[in-house]
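Numbering of ligands and ligand atoms starts at 1, following listing order. Residues take their numbers from the sequence shown, with the count starting at 1.
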Amino acid sequence: TAQQDTLSRTGTAPDLDYDAIVIGAGLSGMYQLIRLRELGMRARVFEAGSGVGGTWYWNRYPGARFDSESYSYGYSFSKELLEEWDWSEHFAPQPETLRYCNYVADKFDLRRDIQFHSRVAAAHWQEATRSWTVTLEDGARHTARYLITAIGVLSTPTLPRFEGIEAFRGQSFHTARWPHEPVDFAGKRVAVIGTGATGVQTIQEVAKTAGHLTVFQRTPNWCAPLHNRPITEEEQARIKDSYPEIFRRCQETFSCFMHTPDPRGTFEVSKEEREAFYEQLYASPGFGIWVGNFKDMLTDRAANKEISDFVANKIRQRVKDPKVAEMLIPKNHGFGTRRVPLETRYYEVYNQPNVLLVDSKATPIRRITPTGIETSDAHYDFDIIIYATGFDALTGAFDRIDIRGEDGLTLKEKWAGGAQTLVGMLVEDFPNLFMLLGPHTALGNIPRSIEYNVDWVTGLIRHMRAQGLTRAEARPEGVTAWTEHVKKVGAGLLTNEVDSWMTGVNTNVEGKQTRTIARYSGSAPEYRAWCDAVAAQGYRELTLA
Ligand code: N01
């Protein structure tokens, strides 16, 4: 029809509410909005929270901060923004990062296209109009040609399935649903359940003021020192001068951090040299000890045992009570095979007389009572219970939206046997759905991955508009090839042989008890090369119409 001709020539859709709907106003959603505006598109962002920032909006728990260098984490797309913004610490605390997100929203006048307090309940594809109908929780409906999910990787918090959680009469919080007002721990009996990266940051902070702190640890994690400190004026100037190099470096490294694996194998150097290298990494700020270690640390069992023994000895040196030290040393996985929490005097917390460590594998939590926590062998009274129990990662946020593609197929059904995507951004049978940080994208230093994914999606939309196309769908051959590649790069990695959110395991979620290939574990440059090739070859892994 004449109208369709107009549509395909301009790519805009006057009969639809928007050209694109973006779900989520975190770092992904905000940057995507900027890029869509540059294309002259009418875009709307729906955000469940009352403000921007995503992860940094929700995770207000005490002690939350970066584990990657502040200056490698911010957006890189705007020179002006880089010039204007001063990070105060090498690893900035959450309130500062949230201020940064708000600064970006103000600077680029983003709020006028963001609708807050708007959780998306459903998104259904309409083939006849080549559009998505998006329904909010309050029932409001909006239509758009493109649906872009910017819903994060770790955004759906999960509570343990303990009986009695609601009956607790004190205060209780999940770390990712922390109140906006400060919580006072002075003189209080506090429990923390969970010892992942969040639990560790929370514990070391709460232990400073709590009357008594009890930590319920089911699996110890290997932690290493963060070595945070303020950024001096001189450093600030140097950082600003070297932004081009910093981001160039991030583009070259394995997972977009400043650190990248050492090209040497563990046993290519003498025992003395090895020890000296480990000591140096342990004394250096940031993720060096995890992602800047010998290249075979996560593939060679003997190499992994060397570094694990080294860190175990550090824990023994730092924790006074040898029994407690042994409880804190992981026995079921090697160093770095799960995400390494970076800490500041975390182990020393267990030397405090007001801190107790409970092994909740040996004595599992049975239920939450109105006054505290009952384990298999005791009852503990608490004023405050903190759940640092993690997230339904990677696919969890998708599972909670009723997303239906062609023929009413739900995304949850589509992924029942494990997620399948094209480069983590597209799904067969779900046309015009573009995922930022979908399953099987490269993660690592997340904002670097976000900027890449947003630019790639923007490039695809630009291409479609230039060609007068209005429908994009992943081809099955493209999906199969990508999924095979994801499996191939994950093979032989010790990280994929342990239970963690990175292997898709969450004991608190039905159907997530067994490991899957849930994330891309190849290098970021390899990931980008694949995506770039898809674009350079005219998107032949996609059906465009
Ligand atoms: O979540 P987790 P997280 N009974 O899943 C325990 C990022 N992050 O929020 O190991 C008893 O790692 C669970 O025990 P187990 C980072 O990528 C970044 O800490 O399953 N315990 C575990 O100890 C990180 O990896 C920063 O046996 C239960 C903990 O709860 C990711 O977020 C800071 C339980 C959950 O750990 C997730 O970290 C913080 C139960 N029923 C986080 N259920 C930065 O620095 C769960 N647990 C930027």
Side-chain angles (χ1 to χ4, degrees), residues 27 54-56 58-70 72-73 91-94 97 152-163 165 174-178 191-205 215-224 226 228 255 257 286-287 290-291 328 330-333 336-344 346 357-368 373 375-376 385-394 396 437 443-447 449 495 498-509 512-513 518-519:
L27 289 171
T55 287
W56 303 104
W58 294 103
N59 287 273
R60 296 167 192 249
Y61 62 86
R65 65 170 64 248
F66 290 152
D67 273 355
S68 36
E69 289 74 6
S70 309
S72 74
Y73 187 97
F91 303 89
Q94 173 271 337
T97 309
V153 177
L154 295 153
S155 54
T156 305
T158 48
L159 284 171
R161 292 187 279 185
F162 299 143
E163 172 196 323
I165 287 187
H174 189 288
T175 45
R177 290 293 178 271
W178 202 262
V192 175
I193 304 176
T195 51
T198 303
V200 166
Q201 289 187 331
T202 305
I203 290 161
Q204 65 198 15
E205 191 61 30
V215 175
F216 292 87
Q217 170 189 265
R218 190 168 63 180
T219 313
N221 279 306
W222 296 101
C223 309
L226 175 66
N228 184 31
S255 29
F257 292 112
F287 275 138
W290 185 32
V291 293
L328 289 163
K331 305 292 188 306
N332 69 347
H333 67 283
T337 60
R338 292 172 123 206
R339 202 281 206 179
V340 174
L342 296 184
E343 46 84 27
T344 306
Y346 172 66
L357 179 64
V358 174
D359 179 345
S360 39
K361 195 153 256 162
T363 55
I365 296 174
R366 290 270 186 253
R367 63 180 63 81
I368 307 297
I373 295 179
T375 69
S376 60
I385 300 177
I386 300 174
Y387 295 96
T389 45
F391 303 88
D392 186 358
L394 300 153
L437 300 186
L443 297 173
N445 183 353
I446 297 267
S449 312
T495 32
V498 300
D499 290 349
S500 79
W501 68 262
M502 294 195 186
T503 51
V505 177
N506 184 324
T507 58
N508 306 315
V509 181
K512 295 209 170 164
Q513 326 291 317
R519 66 181 179 123

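Among all heavy-atom pairs drawn from Pro157 and Arg177, the shortest one is CD-NH2, 3.4 Å.
The distance from atom CH2 of Trp290 to atom CG of Asp67, rounded to the nearest 0.5 Å, is 9.0 Å.
Taking Val358 as the reference, Thr214, Phe216, Leu356, Thr363, Tyr380 meet the side chain to side chain contact (heavy atoms under 4.5 Å, CB included) condition, with sequence neighbours excluded.
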message: Could you go through Leu342 and Val340, starting from their C-alpha distance and side-chain angles, then the distance that decides it, and tell me whether this counts as side chain to side chain contact (heavy atoms under 4.5 Å, CB included)?
response: CA-CA 6 Å; Leu342 296 184; Val340 174; 4.3 Å; yes

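Side-chain contact check for Arg218 and Thr507: at least one donor-acceptor pair (N or O, by modelled atom type) lies under 3.5 Å.
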What does the N/O contact table under 3.5 Å look like for ligand 1?
unit_1   : atom_1 : unit_2 : atom_2 : d
ligand 1 : 9 (O)  : Thr198 : OG1    : 2.6
ligand 1 : 10 (O) : Thr219 : OG1    : 3.4
ligand 1 : 10 (O) : Arg338 : NH1    : 3.2
ligand 1 : 10 (O) : Arg338 : NH2    : 2.9
ligand 1 : 19 (O) : Ala197 : N      : 3.1
ligand 1 : 19 (O) : Thr198 : N      : 2.9
ligand 1 : 19 (O) : Thr198 : OG1    : 3.3
ligand 1 : 20 (O) : Arg218 : NH2    : 2.9
ligand 1 : 23 (O) : Thr195 : N      : 2.9
ligand 1 : 25 (O) : Trp501 : NE1    : 2.7
ligand 1 : 27 (O) : Arg218 : NE     : 2.8
ligand 1 : 27 (O) : Thr219 : OG1    : 2.4
ligand 1 : 30 (O) : Ala388 : O      : 3.3
ligand 1 : 41 (N) : Asn508 : OD1    : 3.1
ligand 1 : 43 (N) : Asn508 : ND2    : 2.9
ligand 1 : 45 (O) : Arg65  : O      : 3.0
ligand 1 : 45 (O) : Asp67  : N      : 3.3
ligand 1 : 45 (O) : Asp67  : OD2    : 3.3
ligand 1 : 45 (O) : Arg339 : NH2    : 3.4

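Between the side chain of His174 and the backbone N or O of Gly390, at least one donor-acceptor pair lies under 3.5 Å.
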